[in-house]
Amino acid sequence: MQIAKYIATLVNSGEEVNPTIIKTIINADGTEVSKEEIEQFSSEKLGITNEQKQEIFEIKPENLAAILEGMRSVTSETGGTAYSVFKDFNIEVGGKTGSAQAGDEVNAWFVGFAPFDTPEVVVVAMVE
């Protein structure tokens, strides 16, 4: 969750983004719980206050553009470490691959966001 929140904040130009964990709840009678109720309940459980979003870090626009362009190249250029997975994908994705060592084991990571120009979704995958 921490890396997902970090990437969401990064692609939002440093403005804090709180993740949504629950998309929809359907009651036993078939009615849908409102998004406001879900957000309020989740925020209370996660300890997120209703204060204005804050800028977590400042980053120069040209530096942010370079980072995001690098993340685009990971998925869209032939030398990108995730190119083979995303080469025929119909939505432009930004991403970063990596590894994390745990003792003698190496875990594989991927973090990505899409669509590239107007991000709506951040995903994190870790394979132990």
Test of understanding: clusters of I, L, V, M, F, W, Y form through side-chain heavy atoms closer than 4.5 Å, transitively. Do Ile3 and Leu68 belong to the same one?
yes
Step through the shown structure and confirm whether more than 12 heavy atoms of other residues, nucleotides or ligands are within 6.0 Å of OH on Tyr6.
no
Rounded to the nearest 0.5 Å, how far does OG1 of Thr9 lie from CD of Glu15?
9.0 Å
I'd like to check the side chain to side chain donor-acceptor pair (under 3.5 Å) partners of Asn27; sequence neighbours left out, ordered by chain and number.
Thr31
Could you check whether atom CD of Glu62 has more than 12 heavy atoms from other residues, nucleotides or ligands sitting under 6.0 Å from it?
yes
Check whether any side-chain heavy atom of Pro115 sits under 4.5 Å from a side-chain heavy atom of Thr118, and report yes or no.
yes
Does CG in Asp29 sit with more than 12 non-hydrogen atoms of other residues, nucleotides or ligands closer than 6.0 Å?
yes
Please step through side chain to side chain contact (heavy atoms under 4.5 Å, CB included) for the pair Arg72 and Asp117, ending with a clear verdict.
CA-CA 10 Å; Arg72 180 197 319 244; Asp117 289 325; 4.2 Å; yes
Under 4.5 Å between side-chain heavy atoms, counting indirect links through other Ile/Leu/Val/Met/Phe/Trp/Tyr residues: same cluster for Val121 and Ile91 or not?
yes
Centroid separation under 6.0 Å, is that true for the rings of Phe89 and Tyr83?
no
How many angstroms lie between CE in Met126 and OG in Ser99, if you round to the nearest 0.5 Å?
10.5 Å
Atom pair CG/CD of Asn107 and Glu128 - distance to nearest 0.5 Å
5.0 Å
Between Val93 and Ala114, the two heavy atoms sitting closest are CG2-CB, 4.0 Å
Pair Glu16 + Lys5, salt bridge at N-O below 4.0 Å
yes
Determine whether a donor-acceptor pair (N or O, by modelled atom type, separation under 3.5 Å) exists between the side chain of Thr97 and the backbone of Phe110.
no
Rounded at 0.5 Å granularity, tell me how far OG in Ser76 sits from CE in Met71.
12.0 Å
Calculate, to the nearest 0.5 Å, the distance between atoms CD and OG belonging to Glu58 and Ser13 respectively.
12.0 Å
Are Phe113 and Val123 connected into the same hydrophobic cluster when the rule is that any two of I, L, V, M, F, W, Y join if their side-chain heavy atoms are below 4.5 Å apart?
no
Would you mind reporting whether Ile38 and Thr24 have side-chain heavy atoms less than 4.5 Å apart?
no
Measure the spacing between NZ of Lys96 and OG1 of Thr81 and express it to the nearest 0.5 Å.
6.0 Å
Over all heavy atoms of both residues, which pair between Phe116 and Glu69 is shortest? Give the atoms and the distance, please.
CZ-N, 4.4 Å
Shared hydrophobic cluster, Val85 / Val74 (ILVMFWY, side-chain heavy atoms < 4.5 Å):
no
What is the minimum heavy-atom distance between Ile7 and Val111, and which atoms define it?
CG1-CG2, 3.4 Å
Is it true that a side-chain atom of Glu92 and a backbone atom of Gly94 form a donor plus acceptor pair closer than 3.5 Å?
no
Can you hop from Trp109 to Leu10 via hydrophobic side chains spaced under 4.5 Å?
yes
